[in-house]
Amino acid sequence: METVTAILKGGWSILVGLGITFRRMLRPPVTLRYPEERPELPPIYRGMPALLSDPETGELRCTACGVCQRTCPLEAIHMEPAPLGPDKKKRPASFTLDMGRCMVCGLCAEACAFNALTMAGRYELAGYTRQDLIFSLEELAEIGRGYRENNQAPPRPAGARAQDGGGVQ
Amino acid sequence: MTTAEKTATQSEEVLEQVLTVNFGPQHPSTHGVLRVVARIRGEYLQDAEPDLGYLHRCFEKIAEGWTYPQIVPLTDRLDYLAAITNEWAYVLAVEKLLGLQVPERAEYIRVIVGELQRILSHLLWMGAYALDLGATTPFLYVFQERERLYDLMQLVTGARMTYNYLRIGGVKRDLPPEFFPLLEKALDNVLKVADEYQALVLENVIFQARTKGIGVLPPDLARQYAISGPMLRGSGVAWDLRRSEPYSVYDRFDFAVPTGQNGDCYDRAVCRVEEIRQSARIIRQAVAGLPAGEVRAKVPAAIRPPAGEVYTAIESPRGELGVYLVSDGGPQPYRLKWRAPSFVNLQVLPEIARGAKVADFIAILGSIDIILGEVDR
Amino acid sequence: MSKPLLELLIAGIKFALVLGFVSVNALFLIWLERKVSARIQNRMGPIYVGRPQGWLQTAADALKLLTKEDIIPAGADRLTFVVAPAVLFTSAVLLFVVIPFGPGLIVRDLKLGVAYAAAVSGLAVISLVMAGWGSNNKYSLVGALRSASQMISYEVSLILAMLSVVILAGSLSTVEIVEAQSRIWFIALQPLGFLIYFIALLAELNRAPFDLPEAESELVAGYNTEYSGMRWAIFFLAEYANLFAGSALAVTLFLGGWQGPWLPPVVWFFLKTFLVIVVAMWLRWTLPRVRPDQLTSLGWKLLLPAALVNLGVTGFLVLAG
Ligand code: SF4
Ligand code: SF4
């Protein structure tokens with residue numbers, strides 16, 4: 001008798017399972033057909049670091065202070081300041097980012113006090129050679145072109161929230 | 001010897017012999033790069049010995065050369081399925097060394113993301129365990145919910161797996177307002193998928209036949225091996241650091257600590273599924289009671305904790321995650337020791353796998369819920 | 001042209017037709033399986049090759065596999081390793097000989113059709129053991145031995161279930177069995193027999209929940225761990241050819257074969273067969289895998305007694321009138 005009930009119960013559990021999979025079969029697929037369709041990313045999404053420039057003048061905001069370089073745990077950033085020009089403004093002469101080392105932690109952008117560095121939403125970070133993974137000042141500026149605010153900036157007092165998430169393109 | 005003779009002796013050897021089989025480091029069921037040297041006789045396992053180290057990345061040594069804030073993203077890479085809890089254990093240790101008071105809102109946010117992380121981790125385990133037992137479909141069902149939760153985490157932290165969200169003295173940023181309605185919906189869906197999993201897998205006759213009475217871990221043995229987490233609770237010991245030694249604000253929430261009776265694979269599975277429901281309860285309470293205020297305490301840019309040593313432990317999805325931190329007063333830790341729960345839990349594998357069948361061995365290994373990033377560090 | 005030569009020619013053409021049908025059909029079934037599993041799992045399955053539903057995907061896969069490097073492991077027993085896939089495929093093709101697709105649409109209506117089918121389907125296990133042994137790989141060997149024990153446990157129940165139908169129809173010829181079902185399908189008279197046949201069939205075919213010989217979470221890929229390229233593809237094709245043949249036999253024996261109103265008989269036959277196949281797929285994507293010892297004990301302790309009782313009762317009832 002016990003065996004019979006066990007068999008019946010087991011058979012029932014299988015039927016229940018079949019019912020679940022059948023109901024699931026009627027649902028539409030959830031697949032996102034990447035790369036034809038792309039995910040919507042939140043503004044604070046961390047893709048790769050990129051340099052921000054002033055939207056009016058088009059000049060890079062970086063003051064070559066070197067904090068990002070010192071903050072990066074993986075020494076992925078290498079920045080060299082340019083000699084002071086006649087306008088007495090500090091600028092980087094070179095700014096190299098090695099995406100082969102970077103772990104997209106965002107600490108560099110978080111540390112930048114000049115709103116000059118952000119994490120761009122670019123997530124296709126593969127390259128065919130190691131050289132492809134090294135980005136120069138110009139390339140980083142180009143990638144950062146569509147971004148206005150540093151999306152990794154530390155929290156601001158409440159109320160300023162609406163303008164937060166400066167990474168909107 | 002003629003070929004026929006040779007084949008005959010060979011076949012005799014194979015039939016008589018104990019086969020030594022390497023499960024891993026490349027094997028579909030070792031969840032990464034675990035290698036288990038198993039000696040099998042027919043379908044029976046005589047011995048199973050885990051061989052670790054294929055994913056060793058010198059975490060503890062690297063940490064000695066990095067400053068305190070820099071280590072936060074590094075901890076993400078240990079138990080990569082529960083990055084938040086890693087960060088949490090670490091920042092707790094540093095905060096304890098500093099004697100830092102974390103703003104209350106930050107504590108609540110930590111609880112919310114930490115419990116979300118537990119749900120995420122258990123969801124993956126549920127799927128992977130069904131996969132280990134040959135059912136492919138539950139994996140994709142739980143993954144659908146998992147993806148949605150990851151979208152939420154991404155909204156809060158900016159990344160999907162390696163969040164780098166907790167900070168010494170708080171969290172990186174406040175929860176965005178659009179997070180809350182999405183969270184409510186996601187939790188509903190998670191509970192639904194947990195029920196579905198219960199009916200589709202846990203109550204399935206084949207699943208029960210495969211897991212009930214398999215890999216029994218008696219409570220005594222579990223204590224001897226310092227097992228923690230759902231492994232221990234499955235054996236009937238109601239030990240959960242959130243309850244037994246509450247850290248953060250866990251003493252303010254009402255939740256149950258699910259336990260099993262027999263300590264077999266089935267009980268462990270049931271405990272994990274139940275923990276998802278409890279985590280959802282905790283999150284709802286935390287959202288309801290979320291206080292206003294800052295999310296980050298004032299911390300100097302260069303953190304130099306006073307010389308000393310601390311041990312902090314939290315309940316990660318896999319068990320007691322302990323951090324032992326020694327400071328010599330400099331900007332970098334003098335020593336950082338990681339008590340990885342899945343490393344400790346894995347040690348009991350030879351004990352509970354001895355004499356099992358090969359198919360059971362997979363069930364047992366899966367039920368331990370190891371993450372190699374954490375085991376090997 | 002002399003008569004024997006002509007006959008040979010006709011036989012050759014028939015054979016080529018069967019072979020072509022078996023391969024194309026297997027490719028279609030693989031596509032179907034991928035689509036069914038995708039639907040169950042809320043995915044899309046193949047969509048790109050052969051839009052809109054990716055119906056050319058498996059053909060493309062087959063082409064790709066054809067062009068792959070042919071690897072034979074250094075320690076392998078070459079002859080057995082190479083021959084094993086062919087043996088499996090042959091046994092699958094041989095099964096098609098006695099399947100009546102419609103009235104008169106059968107390669108050869110053997111008098112002992114059912115007995116022939118049972119005998120031929122038993123060949124498959126030889127191939128799996130050959131593959132496992134020839135690979136000289138521990139996973140393969142364990143997989144092969146598992147499949148051997150599995151087949152032995154289920155063959156008996158399978159044949160007993162077939163026999164109860166034979167008793168009802170009073171013939172071993174597949175065509176006559178179908179014709180005997182013109183009034184009522186045997187599934188109505190033999191529900192238990194059908195259930196036993198179906199379960200045993202799943203085990204025979206190594207399909208989930210009985211896919212132990214290739215349990216990927218335990219044995220990597222079981223007996224075909226070391227296979228790649230075309231040989232692996234042949235294993236795969238043969239598996240699906242076997243699935244079709246087994247389901248077709250189920251239809252022949254229990255579901256009235258080609259019989260059905262309105263539609264042409266061939267259409268009915270394929271409809272029913274695909275229904276059985278889809279149910280098998282549905283089961284596969286729902287259930288976990290059983291353990292080898294549970295499998296054998298289910299076979300010996302449950303299915304075999306049930307099949308025996310079923311056979312006895314059927315025989316008694318037929319005798320009693
Ligand atoms: S990017 Fe920011 S932190 Fe880095 S050098 Fe420029 S201003 Fe300084
Ligand atoms: S994201 Fe992290 S690893 Fe990458 S450059 Fe910035 S600080 Fe370095």
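In what follows, every chain begins at residue 1, and chains take the letters A, B, ... in the order their sequences are listed.
The two residues Leu84(A) and Lys90(A) come nearest to each other via the heavy atoms CD2-CG, 3.7 Å. Residues Ala111(A) and Thr71(A) come closest through the heavy atom pair CB-OG1, 3.4 Å. The minimum heavy-atom distance between Glu75(A) and Arg101(A), with the atom names listed, is O-CD, 3.9 Å. In terms of heavy-atom proximity, Leu32(A) sits nearest to Arg38(A) at CD2-C, 4.1 Å. Taking each heavy atom of Cys108(A) and Ile77(A) in turn, the nearest pair found is CB-CD1, 3.7 Å. Pairing each heavy atom of Leu97(A) with each of Met48(A), the nearest pair is CD2-CE, 3.9 Å.
Under the 3.5 Å distance criterion, the side-chain polar atoms of Asp54(A) are left unmatched by any main-chain donor or acceptor of Glu59(A). Remark: side-chain polar atoms of Tyr147(A) are paired, donor with acceptor, to backbone N or O of Gly121(A) under 3.5 angstrom.
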Could you please spell out the steps behind the side-chain contact (heavy atoms from CB on, under 4.5 Å) verdict for Met162(C) and Leu253(C)? CA-CA 7 Å; Met162(C) 285 172 161; Leu253(C) 295 177; 3.6 Å; yes
Please walk me through it: do Glu149(A) and Thr118(A) pass side-chain contact (heavy atoms from CB on, under 4.5 Å)? CA-CA 7 Å; Glu149(A) 298 286 322; Thr118(A) 188; over 6 Å; no
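Side-chain contact, Ser53(A) with Arg61(A): no donor N or O sits under 3.5 Å from an acceptor N or O.
With a 4.5 Å cut-off on non-hydrogen atoms, Leu302(C) touches chain A through its side chain but not through its backbone. If you measure heavy-atom distances from Ile40(C) to chain A, the contacts under 4.5 Å come from both the backbone and the side chain. Ile7(A) touches chain C through its side chain: at least one heavy atom from C-beta onward sits under 4.5 Å away, while N, CA, C and O do not.
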Interface of chain A and chain C, donor-acceptor atom pairs under 3.5 Å:
from     : atom 1 : to        : atom 2 : distance (Å)
Leu18(A) : O      : Trp282(C) : NE1    : 3.3
Thr21(A) : OG1    : Trp282(C) : NE1    : 3.1
Thr21(A) : OG1    : Thr286(C) : OG1    : 2.9
Arg24(A) : O      : Asn42(C)  : ND2    : 2.8
Arg24(A) : NH1    : Asn42(C)  : OD1    : 3.0
Met25(A) : O      : Arg39(C)  : NH2    : 3.1
Arg27(A) : O      : Arg39(C)  : NH2    : 2.9
Val30(A) : N      : Asn42(C)  : O      : 2.9
Glu36(A) : OE2    : Tyr48(C)  : OH     : 3.2

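Taking 4.5 Å as the heavy-atom cut-off, none of the residues of residues 126-137 of chain A approach chain C.
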